[in-house]
Amino acid sequence: MTATVTLPAGGLASLSGTLDENFRYLAERLGVKVQARGDTVALDGDEGAVRRAERVLDGLGKLVASGYSVGKDEFRTAVRVLEEDPEADLVHFFTDSTIPEAVKRVLVPRNLKQRLFIQTVVKNDIVFAIGPAGTGKTYLAVAMAAAALAERRVRRIVLTRPAVEAGEKLGFLPGDLVEKVNPYLRPVYDALYDILGYEKVSRHLERGIIEIAPLAFMRGRTLNDSFILLDEAQNTTPEQMKMFLTRMGFHSKVVITGDVTQIDLPGDRVSGLVQARQILAPMNGIAFVDFTKEDVVRHRLVEQVVAAYERFEEQRRKGEA
């Protein structure tokens, strides 16, 4: 099937990318031929792939015409979104008014599940995000916390995680418990630095506006006017999860992230994250967002590396059978 898409004035320069990298990505990802001439783009390939490519270019063209800046990340996000839902409205996806403006300034959701997570955090006071690494759970939660702080909806951010590794394995390290656990909080620090910048994060840490601490340090506290994030929640015990959830004070929001396939607790211990779902799922104001491996957002080369290893392992298993 062949089709053509007419882009708005200046749309070709915006959408094609540096040395046509966006069009090459579109061709490789959807299996279509892409040829541009003037403001017209010709598409050729399987009917379903051509229709999807049409919607990508048409939707992004409308955004460009409205003054929206479309770069490489936005282009690739558009392709992924339409792979998930061929009927998705790209204009609405990128301009969704339910997403706080402060969030839009630092990131764009990379797929439909990420947008759902952001919307869910906006609407609910307690949100559980459960799924594999690479889905953006922690990064999005930190971005939502930073946005809430920037818009003065909260007065501080509290980031915590269980210190499962802070037993004998860390006993040889110098410093107190916080210093021992800091290496395991590094993903949270990285997200903060990426979103707010090193200097602002350092100032907020000094003033206590941002607090990063092991879960054990939450006991006995009540956290008002706070955005509270519990990361790696699959490694909490039921007692720790109950303790954490009851720290929530007035005008606060809580996000709990974890991957139930990566539980490091001793074999006879129940994960507080697993149990919390059984107990809390029916409650209003508490929501659960489930990410899957299809929601993982990776660099293109990382995707190819993972796929190559999966093929290798599959061939090896067949050879051993």
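Position 1 is the first residue of the sequence; numbering continues from there. This structure is a prediction, so every number in the text was calculated from the model and none was measured.
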Just so I know, are the side chains of Ile157 and Val142 near enough to count as touching, which here means a heavy-atom distance under 4.5 Å?
no
Output yes when Arg80 and Glu83 qualify as a salt bridge under the 4.0 Å nitrogen-oxygen rule, no when they do not.
no
Rounded to the nearest 0.5 Å, what separates atom OG1 in Thr77 from atom CG in Leu90?
10.0 Å
Treat each ILVMFWY residue as a node, draw an edge where side-chain heavy atoms are under 4.5 Å apart, and state whether Ile279 and Ile286 are in one component.
yes
What is the minimum heavy-atom distance between Ile256 and Ala233, and which atoms define it?
CG2-CB, 3.2 Å
Student check: side-chain heavy atoms of Thr222 and Phe250 closer than 4.5 Å
no
Side chains of Glu313 and Gln315: donor-acceptor distance under 3.5 Å anywhere?
no
Only one of Phe288, Phe291, Phe244 clears ring pair (Phe, Tyr, Trp, His ring centres under 6.0 Å) with Phe128; which?
Phe288
Residue set satisfying side-chain contact (heavy atoms from CB on, under 4.5 Å) with Glu151, at least two apart, ordered chain then number -> Pro100, Glu101, Ala102, Arg153
If I compare all heavy atoms of Leu223 with all of Arg221, which pair ends up nearest, and what's the gap?
CD2-NH2, 3.6 Å
Does Asn111 form a side chain to side chain contact (heavy atoms under 4.5 Å, CB included) with Glu294? I'd like the steps, not just the answer.
CA-CA 10 Å; Asn111 53 38; Glu294 283 73 30; over 6 Å; no
A quick test of your reading: do over 12 heavy atoms of other residues, nucleotides or ligands sit less than 6.0 Å from NZ of Lys200?
no
Measure the shortest side-chain to side-chain distance between Asp85 and Val81 over non-hydrogen atoms and say whether it is less than 4.5 angstrom.
no
Would the distance check show the side chain of Lys33 and the main-chain N or O of Gly45 forming a donor-acceptor pair, the cut-off being under 3.5 Å?
no
Donor-acceptor under 3.5 Å (Arg29 side chain, Arg76 main chain)
no
Heavy-atom side-chain proximity of Ile126 to Leu245 below 4.5 angstrom
yes
Between Val201 and Ile209, is there a shared hydrophobic cluster once you connect ILVMFWY residues whose side-chain heavy atoms come closer than 4.5 Å?
yes
CD/Glu84: more than 12 non-hydrogen atoms of other groups inside 6.0 Å
yes
Test side chain to side chain contact (heavy atoms under 4.5 Å, CB included) on Asp125 and Met248 and set out the steps.
CA-CA 10 Å; Asp125 288 336; Met248 182 181 182; 3.6 Å; yes
Close side-chain approach of Asp290 and Arg277, heavy atoms under 4.5 Å
yes
Determine whether a donor-acceptor pair (N or O, by modelled atom type, separation under 3.5 Å) exists between the side chain of Asn22 and the backbone of Leu15.
yes
Check step by step if salt bridge (Lys or Arg N to Asp or Glu O under 4.0 Å) holds for Lys104 and Asp96.
CA-CA 9 Å; Lys104 292 180 182 178; Asp96 189 351; over 6 Å; no
First locate atom CD1 of Ile210, then atom CG of Leu192, and finally report the distance between them rounded to the nearest 0.5 Å.
5.0 Å
Could you tell me which non-hydrogen atom of Thr2 sits nearest to which non-hydrogen atom of Asp44, and how far apart they are?
CG2-OD1, 2.8 Å
Please walk me through it: do Arg311 and Glu314 pass salt bridge (Lys or Arg N to Asp or Glu O under 4.0 Å)?
CA-CA 5 Å; Arg311 289 194 299 269; Glu314 180 64 24; over 6 Å; no
Nearest 0.5 angstrom please: Ser16 OG to Phe75 CZ, how far?
9.0 Å
Considering non-hydrogen atoms only, spot the tightest contact between Ala147 and Val103 and give its length.
CB-CG2, 3.3 Å
Val70/Glu74 under side chain to side chain contact (heavy atoms under 4.5 Å, CB included): CA gap, chis, key distance, verdict:
CA-CA 6 Å; Val70 175; Glu74 287 75 18; 4.0 Å; yes
Is any side-chain heavy atom of Leu215 less than 4.5 Å from a side-chain heavy atom of Thr236?
yes
Leu140 side chain near Gln114 side chain, heavy-atom distance below 4.5 Å:
yes
Common cluster, Leu19/Val41, ILVMFWY with side-chain heavy-atom separation under 4.5 Å
no
Is a donor on one side and an acceptor on the other found under 3.5 Å between the side chain of Thr160 and the backbone of Ala213?
yes
For the residue pair Val32 and Ala53, what are the closest heavy atoms and their distance?
CG2-CB, 4.3 Å
When you measure from the side chain of Ser252 to the backbone N and O of Asp225, does any donor-acceptor pair fall under 3.5 Å?
yes
Donor-acceptor under 3.5 Å (Gln234 side chain, Asp259 main chain):
yes
Donor-acceptor pair, side chain of Arg52 and main chain of Leu82, under 3.5 angstrom
yes
CE-CZ distance between Met144 and Phe117, expressed to the nearest 0.5 angstrom
7.5 Å
Can you name the nearest heavy-atom pair linking Gly11 to Val64, along with the distance?
CA-CG1, 4.2 Å
CD1 of Ile130 to CG of Leu273: how many Å apart, nearest 0.5 Å?
4.5 Å
Taking Arg269 for the side chain and Thr237 for the main chain, is one N or O donor matched with an acceptor at less than 3.5 Å?
no
Mind checking what makes salt bridge (charged side-chain N to carboxylate O under 4.0 Å, His left out) contact with Lys113, not counting sequence neighbours?
Asp295
Within the structure provided, determine whether Val255 and Phe227 are in side-chain contact (heavy-atom separation under 4.5 Å).
yes
Is the closest side-chain donor-acceptor distance between Asp231 and Thr257 under 3.5 Å?
yes
Trace of the side chain to side chain contact (heavy atoms under 4.5 Å, CB included) decision for Thr40 with Leu7
CA-CA 6 Å; Thr40 300; Leu7 301 176; over 6 Å; no
Got a second to check how far Arg115's CZ is from Thr120's OG1, nearest 0.5 Å?
11.0 Å
Main-chain N/O of Gly17 paired with Glu21 side-chain donor or acceptor, under 3.5 Å
no
Just wondering, are more than 12 heavy atoms of other shown residues or ligands nearer than 6.0 Å to OH in Tyr198?
no
Within the side chain of Arg55, is there an N or O that forms a donor-acceptor pair under 3.5 Å with the backbone of Ala88?
yes
Hydrophobic cluster membership, with links at side-chain heavy-atom distances under 4.5 Å among I/L/V/M/F/W/Y: are Leu116 and Val297 in one?
no
For Arg51, is there an ion pair with Glu87 - N to carboxylate O distance below 4.0 angstrom?
no
